Amino acid sequence: MKVAAWNVNSIKSRLQHLKDWSADFHPDVVLLQELKCQDPDFPYMEIEEMGYHCAVFGQKAYNGVAILSKIPIKEVRKGIPGFQDEQSRYIEADLENGITVSSIYVPNGSEIGSDKYQYKMSFYAALHAYLKDRLSQEKPFVMGGDFNVAKESIDIHDPDKVGERILCSQAERHHLNSLINLGYADSYRVFEPHKQYFSWWDYRAGSWDQDKGWRIDYVLTCPYATDMLTAVGIDKTPRGWEKPSDHTPVWVEIS
DNA sequence: ATGTCCCTTGGAAAGGGA
């Protein structure tokens, strides 16, 4: 079973890319971020025609997450349990095969010290509390999406950039690492401990052409799911297409 | 320091967000 996570930066603008990439890669589950559309505007028909069941948590203009699954969906929950949030950034679904998957879009944070940054800190704190709580559920759980943090120096194209700036401040990295220290794996590193490979390239400053990227998209797996991992990867192919998202899919295979 | 893209409003161009 292949599970991919992809920040598409508008599902309407990226529908053809999603179709083309899925036809090539055949993911069983696709976790989408930044839909930038309300639920009624989600292209259900076209995505169902691709063979996916859809669970959607949309929002006007910003944010929005979804789960596409070839395996039937039993139950859907929206928002981080126990966290009051105006924004649509988290959705999870129990699949009929017993696996729970979730799609997450962590706030960007704008600038260190800003209100948006404080919101990012609160979001991570709530996520930590929830993930700690659900460790007692001894079932496979796979969470993928845009965490808006580069975990280590190797996850940034220019190590000199590491430091007190957004996406790589000590506090942000501490938050991401604290999730992993609970027992969840950064699945990419399970198979690729030393490889530098990116998932996001800023639209600006010719970042893609110069491969000035960051790894800020992850698939986290609970211990049960980590034991089931057979392969991981980041497919940067669609980032090179015409009119791309600034992110590219990250994926895992579990069996 | 920000060279781009996508959204919204309002019905063109500009601001917000990333």
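The model shown is predicted, which means the values in this text are computed figures rather than measured ones. Labels below follow one simple rule: chain letters A, B, ... track the order of the sequence lines, proteins then strands, and each chain is numbered from 1.
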**Study point:** Atom CG of A:Asp115 with >12 non-hydrogen neighbours under 6.0 angstrom
**Key:** no
Practice item. Let me know the distance between CG of A:Asp202 and P of B:dT4, rounded to the nearest Å. Key: 11 Å
Practice item. Figure out the CZ/P separation between A:Arg165 and B:dA1, and round it to whole Å. Key: 9 Å
Revision key, fill the gap. To the nearest angstrom, the OH-P distance between A:Tyr62 and B:dG15 comes to 14 Å
Practice item. Considering only atom P, compute the distance from B:dT2 to B:dT8 and round it to an integer number of Å. Key: 26 Å
**Study point:** Length of the line joining A:Trp208:CH2 and B:dC5:P, which is rounded to integer Å
**Key:** 14 Å
Point to revise | Which residue lies more 5' along DNA chain B, comparing A:Tyr105 with A:Leu35 via nearest heavy atoms | key: A:Leu35
Check your understanding: When you check the gap from the basic side-chain N to the acidic O, do A:Arg77 and A:Glu92 get nearer than 4.0 Å?
Key -> yes
Check your understanding: When the distance from CD of A:Glu172 to P of B:dA18 is rounded to whole Å, what number comes out?
Key -> 13 Å
Check your understanding: Is the A:Tyr188 ring parallel, tilted or perpendicular to the A:Tyr197 ring (thresholds 30°, 60°)?
Key -> tilted
**Study point:** Given B:dA18, B:dC6, B:dT8, the nucleotide with the shortest approach to the side chain of A:Lys60
**Key:** B:dT8
Revision key, fill the gap. note: A:Leu167, atom CG; B:dT2, atom C1'; distance rounded to Å ~ 15 Å
Point to revise | Salt bridge present between A:Asp155 and A:Arg173 (N-O < 4.0 angstrom) | key: no
Exercise for review: Let me know the distance between NZ of A:Lys12 and C1' of B:dT8, rounded to the nearest Å.
Suggested key: 12 Å
Check your understanding: Across the strands shown, which category fits A:Ala205 at heavy-atom distances under 4.0 angstrom: base, sugar-phosphate, nothing?
Key -> base
Review point. Do A:Asp41 and A:Lys36 meet the salt-bridge criterion of a basic N to acidic O distance under 4.0 Å?
Key: no
**Study point:** Gap in Å between the two P atoms, one belonging to B:dA12 and one to B:dG17, rounded
**Key:** 25 Å
Point to revise | Between B:dG16 and B:dG10 - P atom distance, rounded Å | key: 14 Å
**Study point:** Spacing of A:Asn9 atom CG relative to B:dA18 atom P, expressed in whole Å
**Key:** 11 Å
Check your understanding: Does A:Arg14 have a side-chain nitrogen or oxygen under 4.0 Å from the phosphate oxygens OP1 or OP2 of B:dC5?
Key -> no
Study note, to complete from the structure: Per nearest nucleotide of DNA chain B, the residue lying toward the 5' end, A:Asn108 or A:Tyr203, is A:Tyr203
Point to revise | Whole-angstrom distance between B:dA14 and B:dA1, as gauged at atom P | key: 24 Å
Review point. Does a nitrogen or oxygen in the side chain of A:Ser207 sit under 4.0 Å from OP1 or OP2 of B:dG3?
Key: no
Review point. Can a side chain N or O of A:Lys243 be found less than 4.0 Å away from OP1 or OP2 on B:dC6?
Key: yes
